[in-house]
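Notes follow once the structure below has been shown.
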Amino acid sequence: MMHGLTMMQVGGAVPTSAFDLILSASPVTRVVLVFLLVLSLVSWAIMLAKWFEFHRVTKRGREFIYEFERTPSLDAAAGLTRRAKANPFTRVFTRAVNFFAELKPGALREASAAPLRGSQVEALRLVLESESSAQRDQLSSYIPWLATIGSVSPLVGLLGTVLGVIHAFIGIAVSGSGNLSAVAPGVAEALTATAAALAVAIPAVFGYNIFAARLNRLESELEGFGTEILAMMVREGRI
């Protein structure tokens with residue numbers, strides 16, 4: 001096929017755009033480009049889905065925190081949690097309250113109940129940290145795929161480029177023509193794979209870094225929220 005491509009180029013039908021190069025590309029280059037197209041669609045689908053998910057979680061979380069900071073007691077905060085839309089902060093609070101109720105049955109209804117011991121407080125703190133990490137892990141689903149796509153795509157593009165150059169030189173050797181007009185189109189076709197790979201990898205890496213930063217910030221906010229829960233319990237004499 002490269003022999004036919006070289007003869008066509010020598011005859012004057014030289015590709016003048018990237019689209020022409022793709023249309024006249026070898027089967028190997030086309031396979032690489034199709035694979036890169038699939039990776040690009042997957043990465044953009046993940047980024048759009050995660051953008052909407054983070055937008056929803058952030059909005060609900062801010063609304064809940066705004067109301068939570070104005071609640072006068074743990075009981076009022078529990079009522080607010082039941083009314084609020086589900087988000088990582090409500091799940092952390094619910095997990096803390098349920099664990100507290102397991103440690104001290106009836107303590108939520110009796111403000112005068114004996115406070116928790118030191119080991120129980122530490123266990124409650126570990127539960128809060130565990131739930132915060134669990135919420136982070138839940139939100140981070142599929143995000144590692146962006147890092148994988150960002151690192152694999154350039155290698156796939158490089159493979160396509162190397163194979164394309166090999167085929168181009170084989171075609172030149174078969175045709176017996178070594179002038180620039182015969183060499184340039186084949187090399188340009190091979191480099192198309194590298195360009196496509198970079199077009200896939202750059203947005204994927206960019207998106208991964210953005211979402212990773214948002215996950216770290218959310219985890220810090222959840223840890224701070226857990227501290228607020230403990231402070232509220234201390235203020236009411238429950239721990």
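In this structure, A86 and R91 approach most closely via the heavy-atom pair CB-NH2, 3.9 Å. A197 and P154 make their closest contact through CB-CA, 3.9 Å (heavy atoms, listed as atom of the first residue, atom of the second, distance). A pairwise comparison of heavy atoms in T71 and A77 identifies OG1-CB, 3.9 Å as the closest pair. Across V200 and S153, no two heavy atoms sit closer than the pair CG1-OG, 3.3 Å. Taking each heavy atom of P144 and Y208 in turn, the nearest pair found is CA-CE1, 4.3 Å.
Contact of the V32 side chain with the L159 side chain is not registered, since no non-hydrogen atoms from C-beta on lie closer than 4.5 Å. Between L33 and L37, the closest side-chain pair of non-hydrogen atoms is not below 4.5 Å. Using a 4.5 Å heavy-atom threshold, the side chains of S73 and M232 count as separate. A 4.5 Å side-chain heavy-atom check between R83 and L80 finds at least one atom pair inside the cut-off. You'll find the side chain of L128 stays beyond 4.5 Å of the side chain of E223, heavy atoms only. Contact of the T58 side chain with the R62 side chain is registered, since non-hydrogen atoms from C-beta on lie closer than 4.5 Å. Between F206 and M47, every side-chain heavy-atom pair lies at or beyond the 4.5 Å cut-off. By the 4.5 Å heavy-atom criterion applied to side chains, M233 and L74 are counted as neighbours.
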Quick one: do E129 and R125 satisfy side chain to side chain contact (heavy atoms under 4.5 Å, CB included)? Show the steps, please.
CA-CA 6 Å; E129 293 178 357; R125 186 185 301 276; 4.0 Å; yes

Assess whether side chain to side chain contact (heavy atoms under 4.5 Å, CB included) is satisfied between R82 and T94, documenting all intermediate values.
CA-CA 9 Å; R82 288 191 293 269; T94 301; over 6 Å; no

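Note: T81 OG1 to F93 CZ = 4.5 Å, rounded to the nearest 0.5 Å. Atom CG of L126 and atom CZ of F99 lie 8.5 Å apart (nearest 0.5 Å).
Partner V92 forms a side-chain contact (heavy atoms from CB on, under 4.5 Å) with one of L222, V97, N87 and no other, that one being L222. Of the candidates E221, E228, Q135, E221 is the only one forming a side-chain contact (heavy atoms from CB on, under 4.5 Å) with F89.
Partners of T161 by side chain to side chain donor-acceptor pair (under 3.5 Å), not counting sequence neighbours, listed by chain and number: T194.
Annotation: Y142, atom OH; neighbour count of heavy atoms from other residues, nucleotides and ligands within 6.0 Å does not exceed 12.
The residues E63 and R60 are annotated as not salt-bridged, no charged nitrogen and carboxylate oxygen being separated by less than 4.0 angstrom.
In this structure, the side chain of R70 engages the main chain of Y66 through a donor-acceptor pair within 3.5 Å. A distance-only check finds a donor-acceptor pair linking the side chain of K50 to the backbone of L139 [under 3.5 Å].
Note: F225 and F64 have perpendicular aromatic rings, judged against thresholds of 30 and 60 degrees for the angle between ring planes.
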